[in-house]
Amino acid sequence: MNDQAILSSKGDLTSFTFGNVNIRFKTSPKLERYTQIKEWDNGYIVTMARYNGKEVEEYIDLVPILENLYFDAAEFLKPIRRVMIAYD
């Protein structure tokens, strides 16, 4: 199995995709795009994002999102070694 997940956004939704699972959650409609993954720590992502042309550091904690969706967060996140940004 691949050890890489994908982070992207479209409109006011962020997508986190790993394997055949695509988790989408609301984000600011002012988010233009994610530009860089600075850190991946077992469900916690530090990323750079562009809002209105300005780069800012942003933090995403996937664990509570996964738990709210009744995922076993530890089991789902265990094989992920890195996160990449991808846009169409």
Side-chain angles (χ1 to χ4, degrees):
M1 182 177 204
N2 190 355
D3 65 354
Q4 176 179 297
I6 304 295
L7 182 71
S8 64
S9 63
K10 184 173 184 178
D12 64 349
L13 292 175
T14 288
S15 292
F16 183 85
T17 306
F18 180 66
N20 62 351
V21 177
N22 182 12
I23 298 165
R24 289 178 294 193
F25 49 94
K26 290 284 252 181
T27 190
S28 170
K30 295 182 181 183
L31 172 67
E32 294 174 13
R33 66 185 299 124
Y34 295 105
T35 59
Q36 176 188 5
I37 301 294
K38 295 183 79 174
E39 181 180 343
W40 164 252
D41 184 12
N42 200 34
Y44 189 75
I45 305 169
V46 179
T47 183
M48 294 301 291
R50 186 177 313 131
Y51 290 88
N52 298 325
K54 185 176 181 180
E55 296 276 327
V56 297
E57 192 169 80
E58 187 164 287
Y59 311 93
I60 301 170
D61 188 353
L62 292 171
V63 172
I65 295 168
L66 291 166
E67 289 174 348
N68 283 338
L69 295 170
Y70 301 102
F71 275 76
D72 179 340
E75 190 66 29
F76 178 76
L77 297 169
K78 187 177 182 178
I80 302 172
R81 299 289 171 240
R82 65 184 184 154
V83 178
M84 305 295 292
I85 295 170
Y87 286 92
D88 294 335

I need the [X] [atom1] to [Y] [atom2] distance, nearest 0.5 Å.
X	Y	atom1	atom2	value
Leu62	Phe25	CG	CZ	5.5 Å
Ile37	Leu7	CD1	CG	5.0 Å
Ile45	Lys38	CD1	NZ	14.0 Å
Gln36	Met84	CD	CE	11.0 Å
Lys78	Asp72	NZ	CG	10.0 Å
Lys30	Asp12	NZ	CG	13.0 Å

[X] versus [Y], closest heavy-atom pair with distance:
X	Y	result
Ile23	Leu69	CG2-CD1, 3.8 Å
Ala86	Ser8	O-CB, 2.9 Å
Leu31	Ala49	CD1-CB, 3.6 Å

**OP:** Apply salt bridge (Lys or Arg N to Asp or Glu O under 4.0 Å) to Asp61 and list each qualifying residue two or more places apart in sequence or on a separate chain.
**Re:**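 Scan of Asp61 (salt bridge (Lys or Arg N to Asp or Glu O under 4.0 Å), adjacent residues dropped) gives none.
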
**OP:** Applying side-chain hydrogen bond (donor to acceptor under 3.5 Å, both in side chains), name anything that partners Thr17, two or more places apart in sequence or on another chain.
**Re:**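 Partners of Thr17 by the side-chain hydrogen bond (donor to acceptor under 3.5 Å, both in side chains) criterion, ordered by chain and then number, come out as Asn22.
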
With a 4.5 Å limit on heavy-atom distance, are the side chains of [X] and [Y] in contact?
X	Y	value
Val83	Thr47	no
Ser9	Thr14	yes
Met48	Val56	no
Phe16	Ile65	no

**OP:** Report, as yes or no, whether the 6.0 Å neighbourhood of atom OH on Tyr87 holds more than 12 heavy atoms from other residues, nucleotides or ligands.
**Re:**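 Buried by this count: over 12 neighbours within 6.0 Å.
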
Subject >> Same apolar cluster (I L V M F W Y, side chains within < 4.5 Å links), Ile6/Val21 >> reply: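 Different hydrophobic clusters.
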
**OP:** Classify the angle between the aromatic ring planes of Phe76 and Phe18 as parallel (below 30°), tilted (30 to 60°) or perpendicular (above 60°).
**Re:**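 Taking Phe18 first and then Phe76, their aromatic rings stand perpendicular (interplane angle over 60°).
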
**OP:** Return yes if some donor-acceptor pair links the side-chain N/O of Trp40 with the main-chain N/O of Ile80 below 3.5 Å, else return no.
**Re:**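 Flag set: sc Trp40 to bb Ile80 pair under 3.5 Å.
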
Subject >> Under 3.5 Å donor-acceptor, Glu32 side chain and Gly53 backbone >> reply: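 A pair under 3.5 Å: yes.
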
